[in-house]
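To keep things clear, I will list the structure first and then write my remarks on it.
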Amino acid sequence: MKRILVINGVNLNMLGIREPEKYGKKSYKDLVSFIKDCAAELGQSVCVKQSNCEGEIVGFIQKAYKKYDGIIINAGAYTHTSVAILDALKAVDIPTVEVHLTDIYAREEFRKMSYISMAARKTVCGKGFEGYKEALEFFA
């Protein structure tokens with residue numbers, strides 16, 4: 001059974017409240033349930049974590065070393081700013097899939113730069129919750 005760590009970053013806990021026209025009306029709790037259901041269907045063990053703190057996200061990644069077969073990360077706004085998260089992903093060298101609920105390449109100019117992509121084996125954008133399923137399927 002593959003062990004997958006799913007990390008959700010800044011403001012993901014505000015799903016359903018924050019800009020529902022972009023991110024939808026479903027809650028973060030709905031997202032976690034969706035991820036767990038998809039992982040169960042694929043025969044995967046999944047641990048889902050969320051933090052609004054960059055250092056805590058780096059800690060999640062570091063603690064994953066030799067414990068997980070894959071990482072799925074939606075770093076939120078840290079995608080566009082965090083060299084620290086990039087460096088942590090490179091340090092642990094665990095296969096990583098980057099996920100975004102919206103299409104970051106069709107949004108504001110500053111969102112088109114992704115540090116996470118520099119370490120990810122795959123990026124999934126603009127598919128909402130289904131993007132997490134696609135990421136889990138990558139590890140299946």
Side-chain angles (χ1 to χ4, degrees):
M1 179 177 283
K2 290 209 174 163
R3 296 161 300 164
I4 310 298
L5 175 62
V6 179
I7 301 170
N8 289 301
V10 65
N11 293 318
L12 270 289
N13 59 308
M14 299 300 287
L15 283 176
I17 298 166
R18 177 183 176 225
E19 299 179 273
E21 67 282 357
K22 286 184 181 138
Y23 299 102
K25 294 182 180 177
K26 291 185 178 177
S27 70
Y28 182 71
K29 183 178 176 184
D30 294 330
L31 175 62
V32 172
S33 293
F34 177 82
I35 292 167
K36 288 181 177 182
D37 289 347
C38 291
E41 287 174 19
L42 293 166
Q44 297 168 331
S45 169
V46 70
C47 176
V48 183
K49 297 191 173 280
Q50 189 277 328
S51 179
N52 292 315
C53 300
E54 182 181 33
E56 190 169 20
I57 293 169
V58 168
F60 295 156
I61 295 165
Q62 290 175 353
K63 289 175 185 169
Y65 184 65
K66 294 192 177 187
K67 293 180 184 166
Y68 290 93
D69 302 303
I71 294 173
I72 296 170
I73 185 167
N74 180 345
Y78 290 136
T79 299
H80 321 292
T81 63
S82 183
V83 175
I85 292 172
L86 167 64
D87 286 349
L89 289 168
K90 289 167 80 175
V92 298
D93 196 30
I94 298 169
T96 299
V97 176
E98 173 185 24
V99 173
H100 299 284
L101 297 169
T102 64
D103 182 355
I104 62 172
Y105 302 107
R107 294 188 57 192
E108 302 93 338
E109 197 62 34
F110 69 89
R111 292 189 196 274
K112 295 177 183 176
M113 167 55 182
S114 168
Y115 285 100
I116 307 301
S117 291
M118 295 177 194
R121 296 199 181 171
K122 179 180 178 77
T123 299
V124 182
C125 292
K127 297 185 178 180
F129 285 17
E130 289 294 320
Y132 287 86
K133 182 177 184 180
E134 186 174 324
L136 288 165
E137 289 170 343
F138 175 83
F139 294 112

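Expressed to the nearest 0.5 Å, how far OH of Y68 lies from OG1 of T96 amounts to 13.5 Å. Rounded to the nearest 0.5 angstrom, L42 CG and L136 CG are separated by 6.0 Å. From T79, atom OG1 reaches atom CE of M113 across 10.5 Å, with rounding to the nearest 0.5 Å. Residue D103 holds its CG atom at 12.0 Å from CZ of R111, rounded to the nearest 0.5 Å. Rounding to the nearest 0.5 Å places CG of L31 at 11.0 Å from NZ of K36. Residue C125 holds its SG atom at 10.0 Å from CD of E134, rounded to the nearest 0.5 Å.
Under the 4.0 Å criterion applied to side-chain N and carboxylate O atoms, E56 and K49 are not assigned as salt-bridge partners.
Of all non-hydrogen atoms in I85 and A75, the two that sit nearest each other are CD1-CB, 4.5 Å. Among all heavy-atom pairs drawn from A119 and L86, the shortest one is CB-CD1, 3.7 Å. Shortest non-hydrogen contact noted between A140 and Q44 is N-NE2, 3.5 Å. Here the closest heavy-atom approach between residue Q50 and residue G9 is recorded as NE2-O, 3.0 Å. Here the closest non-hydrogen pair linking G131 and V124 is CA-CG1, 3.6 Å. Considering every non-hydrogen atom in both A135 and V97, the closest pair reads CB-CG1, 3.5 Å.
Placement of L89 and F138 in two distinct hydrophobic clusters is found when ILVMFWY residues are connected by side-chain heavy-atom separations under 4.5 Å, directly or transitively. Using a 4.5 Å cut-off between side-chain heavy atoms of Ile, Leu, Val, Met, Phe, Trp and Tyr, with links allowed through other members, V32 and F60 fall into different hydrophobic clusters. By the rule that hydrophobic residues join a cluster once side-chain heavy atoms approach within less than 4.5 Å of another member, V48 and V92 end up as members of separate clusters. Under the 4.5 Å side-chain heavy-atom criterion for ILVMFWY residues, a single connected hydrophobic cluster contains both I116 and V10.
Side chain of D69 to backbone of I4: no donor-acceptor contact under 3.5 angstrom is found.
A heavy-atom distance below 4.5 Å is not found between the side chains of V99 and V6. Taking the side chain as every heavy atom from C-beta outward, Y78 and I73 never approach each other to under 4.5 Å. Contact check for F139 versus I72: side-chain heavy atoms found under the 4.5 Å cut-off. Contact of the D30 side chain with the F129 side chain is registered, since non-hydrogen atoms from C-beta on lie closer than 4.5 Å. At least one side-chain heavy atom of I7 sits under 4.5 Å from a side-chain heavy atom of I61. You'll find the side chain of F34 stays beyond 4.5 Å of the side chain of K26, heavy atoms only.
When the shell of 6.0 Å around NZ of K112 is examined, it contains more than 12 heavy atoms from other residues, nucleotides or ligands. In E109, the CD atom is not crowded: 12 or fewer heavy atoms of neighbouring residues, nucleotides or ligands sit closer than 6.0 Å. In Y65, the OH atom is not crowded: 12 or fewer heavy atoms of neighbouring residues, nucleotides or ligands sit closer than 6.0 Å.
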- Message: Run Y132 and N8 through side-chain contact (heavy atoms from CB on, under 4.5 Å) and show every step you take.
- Response: CA-CA 11 Å; Y132 287 86; N8 289 301; 2.5 Å; yes
- Decide side-chain hydrogen bond (donor to acceptor under 3.5 Å, both in side chains) for E98 and S114; before the verdict, give the C-alpha distance in whole Å, the side-chain angles of both, and the deciding distance to 0.1 Å. CA-CA 10 Å; E98 173 185 24; S114 168; 2.6 Å; yes
- Item | I104 vs T123, side-chain contact (heavy atoms from CB on, under 4.5 Å): CA-CA, chis, key distance, verdict | CA-CA 11 Å; I104 62 172; T123 299; 5.6 Å; no
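Below 30°, between 30° and 60°, or above 60°: for H80 and H100 the angle between ring planes is below 30°, a parallel geometry.
Under the side chain to side chain donor-acceptor pair (under 3.5 Å) test applied with T102, the options R107, K22, K127 reduce to a single match, R107.
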